[in-house]
Amino acid sequence: MARLRPAAIVHYHEVSLKRGNRPLFLRHLARNLERATSDVGPVRLRQLSGRILLELDRNETPELVRDRIARVCGVASVALAYRVASTLEAMKDVLAQLLEGRRFASFRISARRAFKTYPLTSVELNRELGAFVVERTGARVDLRHAELEIHVEVLPAETFVYVNRVAGPGGLPVGASGTVVALLSGGIDSPVAAWRLIKRGCRVVFVHFHSVPYLPDISQHKARALVERLTEWQYASQLFIVPFGEIQREIVLSVPGPARVVVYRRMMIRIAEVLALQVGAAALVTGESLGQVASQTLENIARIDEAASMPVFRPLIGTDKLEITAEAQRLGTFEISIEPDADCCTLFTPKHPATRMSEEAIRAVEAALDLPRLVTLGTSAATFASFIFPPVAPRGDDPDDHEALLA
Ligand code: ATP
Ligand code: MG
């Protein structure tokens, strides 16, 4: 019997890619696959038609490699496969080994030829290999509800045989869509909002505002823990921490209570935008969801937008709290977010903030503030932390390389 040669086979949604974007997409995807697996043993990447192959001949933890790949954005699915020569004999040999000790009542063969000059059609392959499996195992063929689906992908040079395909997150590889800055509170929503942009191929840089010494410093620890968790999806992260308490104290001196939440939020947006320009980001992201709280009415969202020159993305705007919570649980941010802490926007604010501020009203209350000075106060006091996951050495050979930026 031939020795089994393990590999991971990675599929992406190629159909959704425009022709000109494909090389860029693949370059980012390949680099992210390398980063995600850099600490789990030897892996060699190869681009095949419509898929990426990771050769795992010398890798001792293929399952770990597969689990890491299943979390790389841009991956539609990943499977641990065996590689064989594209002859029926070789395919049967590997099937026999693959099915050894497996119990299943029904199965189907899903054969695909990536090139049409192969002497057998996929129907013929299904039939030949199906008959072989029936003979070996006694299981029956069931095309609709098979207990075990056996995939056979025939490529010109070799064939891949595998049984379990794990779904990836889909989306686009991180780095393919540019950089955005996410306003990250310690709450449930903003980490989920940030992740939505990571999934669409953005590098996300985080900004957290805290009100120490007026409030405890728990929110900063939560923000760091959240960023570390989200870094598992983008491999390297930056977090700005902005002391906001003094700015709030100045706001309180001239802005009436009900208007403060919207003024705070506009100030956060202005400061985040300056930091965004510093890191080359082209948009901001918040976790707002329509109608959830007083600052999230149509009117107040409009006032917050007016403080920004760049687009403000709100990927959760039409999402219910239950859906957001479920997503936070899947991401593993929920546990961190529900740690009790005090929200900086409630500092010096009444129970019932204004829900419908007009543009004139907000301008009137802000007239007494020296906005440029307050923005500079925030940006100049911002401290900067960076995280890398999994721990990889900076390469620095690619100007586009995120680690190089952090080095
Ligand atoms: P979250 O669950 O994300 O805290 P929320 O439902 O509590 O959101 P708000 O308090 O109105 O809603 O905050 C709306 C958005 O404003 C947050 O999702 C976040 O993007 C941003 N934000 C609020 N507070 C902070 C903060 N302290 N630091 C950074 N961003 C913040
Ligand atoms: Mg909050």
Side-chain angles (χ1 to χ4, degrees), residues 180-197 204-212 214-227 230 238-245 247-248 251 260-273 275-276 283-301 303-305 307-308 311-329 331 333-349 353-355 357 378-379 381-383 385:
V180 296
V181 162
L183 283 80
L184 186 76
S185 66
I188 295 170
D189 305 336
S190 43
V192 175
W195 184 78
R196 294 272 183 103
L197 272 290
V204 176
V205 173
F206 301 90
V207 183
H208 174 71
F209 297 85
H210 69 81
S211 310
V212 173
Y214 304 101
L215 292 174
D217 66 357
I218 304 165
S219 76
Q220 287 172 69
H221 297 294
K222 288 175 71 178
R224 289 178 75 99
L226 288 167
V227 172
L230 291 169
Q238 306 174 354
L239 163 68
F240 286 102
I241 296 185
V242 181
F244 200 54
I247 298 172
Q248 288 177 289
I251 290 172
R260 285 174 196 160
V261 172
V262 176
V263 173
Y264 291 165
R265 197 56 53 73
R266 279 161 65 95
M267 196 57 78
M268 285 185 187
I269 289 281
R270 293 185 183 105
I271 292 169
E273 191 165 79
L275 297 172
L284 304 177
V285 186
T286 75
E288 287 153 313
S289 153
L290 189 61
Q292 207 185 73
V293 291
S295 62
Q296 299 176 10
T297 61
L298 286 181
E299 290 82 358
N300 286 351
I301 286 174
R303 300 298 82 78
I304 294 167
D305 260 12
V312 181
F313 294 144
R314 298 179 171 86
L316 307 183
I317 197 72
T319 328
D320 296 344
K321 196 76 187 185
L322 278 178
E323 299 169 73
I324 301 171
T325 301
E327 201 163 316
Q329 277 163 336
L331 292 175
T333 54
F334 183 75
E335 295 304 316
I336 304 167
S337 296
I338 56 171
E339 287 287 313
D341 97 70
D343 179 348
C344 81
C345 293
T346 57
L347 184 64
F348 315 129
T349 56
T355 51
M357 296 281 297
T379 53
T383 52

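For this chain, numbers begin at 1 and follow the sequence in order. Computed from a predicted model, the values in this text were never measured in an experiment. Indexing begins at 1, ligand by ligand and atom by atom, following the structure's order. Values below: every heavy atom of this structure, side chains too, minus hydrogens, waters and symmetry copies.
Near Leu184, meaning under 4.0 Å from one of its heavy atoms, ligand 1 places the atoms 28 (N), 29 (C), 30 (N). Of all atoms in ligand 1, listed by their number and element, those nearer than 4.0 Å to a heavy atom of Thr286 are 20 (O). Close approach of ligand 1 to Cys344 (heavy-atom distance below 4.0 Å) involves ligand atoms 27 (N). Interface atoms of ligand 1 facing Val207, defined by a heavy-atom separation under 4.0 Å, are 29 (C). Atoms of ligand 1 lying under 4.0 Å from at least one heavy atom of Phe209, given by number and element, are 26 (C), 27 (N), 28 (N), 29 (C).
Not one N or O of Cys345 is nearer than 3.5 Å to an N or O of ligand 1, by distance alone.
For atom 4 (O) of ligand 1, a protein heavy-atom neighbour is present inside the 4.0 Å cut-off.
Using a distance-only test at 3.5 Å, with no hydrogens or angles considered, no donor-acceptor pair links the side chain of Thr349 to the main chain of Arg260. Distance alone, capped at 3.5 Å, is enough to place a donor-acceptor pair between the Gln296 side chain and the Ser289 backbone. Proximity of a side-chain donor or acceptor of Asp343 to a complementary backbone N or O of Cys345 within less than 3.5 Å is detected. Ser211 places no side-chain N or O within donor-acceptor distance of the main-chain N or O of Gly245, the cut-off being under 3.5 Å. Arg303 places no side-chain N or O within 3.5 Å of a backbone atom of Val262 that could act as its donor or acceptor partner.
Atom-to-atom distance recorded for Phe209:CZ and Met267:CE is 10.0 Å, nearest 0.5 angstrom.
Annotation: atom 18 (O) of ligand 1 to nearest protein heavy atom, Gly287 N, 2.9 Å. Asp189 N, 2.9 Å is the protein heavy atom nearest to atom 2 (O) of ligand 1. For atom 21 (C) of ligand 1, the closest heavy atom belonging to the protein is Leu183 CB, 4.0 Å.
The proximity of Met268 to ligand 1, defined as any non-hydrogen pair under 4.0 Å, is limited to the side chain. Of all the heavy atoms of Asp343, the ones lying under 4.0 Å from any atom of ligand 1 belong exclusively to the side chain. Contacts of Ser185 with ligand 1, taken as heavy-atom pairs under 4.0 Å, involve both backbone and side chain.
Inter-residue side-chain proximity for Phe313 and Arg196 is flagged as unmet; no heavy-atom pair is nearer than 4.5 Å.
For the side chain to side chain contact (heavy atoms under 4.5 Å, CB included) with Asp341, the qualifying choice from His210, Lys222, His221, Gln220 is Lys222, the only one to do so.
Side-chain rings of Tyr214 and Phe348 approach one another, their centers coming within less than 6.0 Å.
Of the listed residues (Gln296, Glu288, Arg265), the one carrying the non-hydrogen atom nearest atom 16 (O) of ligand 1 is Arg265.
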